[in-house]
Amino acid sequence: MFASVPCIRIKTINCKRRKEYGALLRYVIRRLLLMIPVLLGVSLVIFTLLYFTPGDPVRMILGDDASEADIAEMREQLGLNGSYIERYVRYISNVLLHLNFGKSYVTGREVSTEIVARYPTTIKLATAVICVATAIAIPLGILSAIKQNSWVDNLTRILSLLGVSMPVFWIGLMNIILFSVILGWLPSSGFSTPKHWILPAVTIGFSAAGGIMRTTRSSMLEVIRQDYIRTARAKGASERTVIWKHALKNALIPVLTVIGIRYGHNLGGSLVSEQVFGIPGLGKLMIDSIKSRDYPIVQGGVLLIAFAFSFINLLVDILYAFVDPRVKSQYARGKKMGKSK
């Protein structure tokens with residue numbers, strides 16, 4: 001009779017887990033579907049802005065000496081003769097039905113081909129930056145919270161303030177002058193070898209670390225004052241166990257949010273940083289396309305940036321459930337994720 005109790009308990013646990021993961025799957029599907037109107041709205045905004053932006057891409061391509069007949073022929077080839085509504089409907093129909101983002105006005109290649117050729121570099125840069133920022137910010141943020149109001153805390157707060165306030169392009173230029181021009185240790189541009197990664201990753205990572213460090217410190221200060229932390233210390237748990245096992249795990253949710261936002265921003269292309277360091281990524285492609293009025297590249301790049309932000313935010317929300325069991329239980333009860341934050 002009593003031997004059946006563990007079996008019933010195991011079945012109950014498995015049923016609860018299936019319910020939680022089922023609710024999580026429904027939430028993910030709902031969020032993916034919500035990306036569609038978001039991307040449609042982004043496409044409408046960027047198309048409108050580019051449509052009313054001064055400057056003729058045809059004259060940029062052919063030059064000022066081109067005849068009116070050549071200009072009219074080129075406008076017809078690029079599909080620029082239609083009205084605003086006609087051009088937008090044609091563009092969004094090609095995107096939704098065929099995943100066709102058009103062709104570059106400058107190179108004549110498919111927009112998707114141009115972006116895919118550059119985007120791996122941006123992903124490498126974004127990943128390197130977020131790794132550097134996290135490795136700097138989380139330990140220093142925890143140390144700052146533990147040593148509150150000490151010289152260590154004051155020093156880390158100054159570092160975080162510098163990271164947040166100093167422009168990335170200025171830090172990049174100073175690092176190029178010091179480590180490339182004066183010392184000659186690191187290359188000043190390019191992204192072809194791991195040695196080229198160090199300077200841009202550290203430069204952008206230091207800037208990103210400022211916000212992550214401040215969030216980690218404030219979140220840890222709030223957590224270490226809770227009753228369960230005092231209880232863990234009263235039971236004889238070591239300070240290392242209290243900080244890394246009990247406090248940090250419960251302080252991670254706001255930190256994950258900041259890291260996710262920063263990673264999504266970097267996945268969208270570090271426009272200024274890629275220009276400063278001459279990195280052939282999405283950001284540099286976007287700036288060059290804006291200068292040359294290459295509107296299809298700009299539209300495709302902005303849509304990719306919007307998708308990267310939305311997808312990273314979704315991944316961060318999913319990570320919440322694995323970091324904090326209370327979030328996972330709210331999935332099982334059918335509550336929305338927004339109420340759990």
Side-chain angles (χ1 to χ4, degrees), residues 118-145 152-153 155-176 178-179 186 188-189 191 194-221 248 251-279 281-284 286-287 301 304-317 319-320 323:
R118 300 288 192 99
Y119 204 47
T121 301
T122 297
I123 294 175
K124 291 178 186 177
L125 176 62
T127 304
V129 165
I130 210 65
C131 288
V132 170
T134 304
I136 295 173
I138 291 182
L140 289 182
I142 294 172
L143 185 63
S144 180
V152 176
D153 184 26
L155 179 60
T156 54
R157 289 163 70 181
I158 291 172
L159 289 175
S160 66
L161 183 62
L162 290 175
V164 171
S165 58
M166 288 195 301
V168 179
F169 73 88
W170 184 83
I171 302 176
L173 291 175
M174 294 301 103
N175 285 338
I176 289 173
L178 177 61
F179 295 105
L186 298 170
S188 61
S189 62
F191 208 69
K195 193 175 181 180
H196 289 82
W197 303 0
I198 297 175
L199 207 55
V202 172
T203 300
I204 310 171
F206 176 73
S207 177
I212 300 173
M213 193 187 308
R214 295 173 67 180
T215 304
T216 304
R217 178 184 181 275
S218 60
S219 183
M220 283 293 295
L221 283 175
L248 180 60
L252 271 181
I253 284 187
V255 179
L256 285 176
T257 303
V258 176
I259 292 174
I261 292 173
R262 192 70 200 198
Y263 189 49
H265 174 268
N266 291 330
L267 281 179
S270 300
L271 304 181
V272 177
S273 304
E274 290 184 8
Q275 191 73 11
V276 170
F277 291 103
I279 299 173
L282 180 63
K284 193 171 188 305
M286 292 281 287
I287 290 181
L304 180 59
I305 292 172
F307 176 78
F309 263 106
S310 301
F311 188 71
I312 292 298
N313 286 334
L314 174 59
L315 291 182
V316 170
D317 286 348
L319 281 176
Y320 289 162
V323 171

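Note that the structure is a prediction, hence the values are computed from the model and not measured.
- Contact detail for Arg262 and Ser207: the closest heavy-atom pair is NH2-OG, 4.1 Å.
- The CG atom of Leu159 sits 6.5 Å away from atom CG of Leu162, with the distance rounded to the nearest 0.5 Å.
- Note: His196 NE2 to Leu125 CG = 13.5 Å, rounded to the nearest 0.5 Å.
- Contact detail for Ala251 and Val255: the closest heavy-atom pair is O-CG2, 3.5 Å.
- Judged by distance alone, with hydrogens and angles left aside, the side-chain atoms of Thr122 form a donor-acceptor pair with the main-chain N or O of Leu282 at under 3.5 Å.
- Between Leu140 atom CG and Ile212 atom CD1 the span is 11.5 Å, to the nearest 0.5 Å.
- Here Tyr263 contributes atom OH and Cys131 contributes atom SG; the two are 8.0 Å apart, rounded to the nearest 0.5 Å.
- Closest approach of Ala128 to Ala201, counting heavy atoms only: CB-CB, 3.9 Å.
- Residues Val132 and Phe206 form no side-chain contact, since every pair of their non-hydrogen atoms from C-beta on lies 4.5 Å or further apart.
- Atoms CD1 and OG, on Ile253 and Ser219 in that order, are 9.0 Å from each other to the nearest 0.5 Å.
- Smallest separation of non-hydrogen atoms from Ser160 and Met213: CB-SD, 3.8 Å.
- In terms of modelled atom types and a separation under 3.5 Å, the side chain of Ser218 and the main chain of Thr215 share a donor-acceptor contact.
- Looking at every heavy atom in both residues, Pro200 comes nearest to Ile279 through CB-CD1, 3.8 Å.
- The heavy-atom pair separating Ile261 from Phe309 by the smallest distance is O-CE2, 3.7 Å.
- Of the possible donor and acceptor atoms, none in the side chain of Ser310 sits under 3.5 Å from a partner among the backbone N and O of Phe307.
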Discussion item. Please evaluate residues Ile198 and Phe179 with respect to the criterion side chain to side chain contact (heavy atoms under 4.5 Å, CB included), reporting the C-alpha separation (whole Å), side-chain torsions for both, the decisive distance (0.1 Å), and the verdict.
Written reply: CA-CA 11 Å; Ile198 297 175; Phe179 295 105; over 6 Å; no
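- Distance check: Ile138 CD1 to Arg217 CZ gives 16.0 Å after rounding to the nearest 0.5 Å.
- Under a cut-off of 6.0 angstrom, the local environment of CZ in Arg214 is sparse, with at most 12 non-hydrogen atoms contributed by other residues, nucleotides or ligands.
- Proximity of Val202 to Val129: side-chain heavy atoms (C-beta onward) are nowhere separated by under 4.5 Å.
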